[in-house]
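Some notes on the structure that comes next.
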Amino acid sequence: MDFDHQTIVAFSKSWGLFYLLAMAAGVLIYTFWPSNRKRFDRAKKSILDKDDRPGDQDRGN
């Protein structure tokens, strides 16, 4: 079978949508998996740590 540009375009048009839907479903399953909740809660709160204050560098701390 000869793989020219038209063959690759036809393949990507027919299977690319299914590939993207499968990847999106995988990301959603990973995101909402119950055992990952603690990891995402920690990441959500880590942005509010006391080390990340914008004024600390001006005071020489």
Closest heavy-atom contact between Thr31 and Phe40?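 For Thr31 versus Phe40, the nearest heavy atoms are O-CE1, 3.6 Å.
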
Check for me whether the distance between the ring centres of Trp15 and Phe18 falls short of 6.0 Å.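 Centroid distance Trp15-Phe18: below 6.0 Å, so yes.
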
Keeping Thr7 on the side-chain end and Phe3 on the backbone end, is there a donor-acceptor pair under 3.5 Å?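 Absent.
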
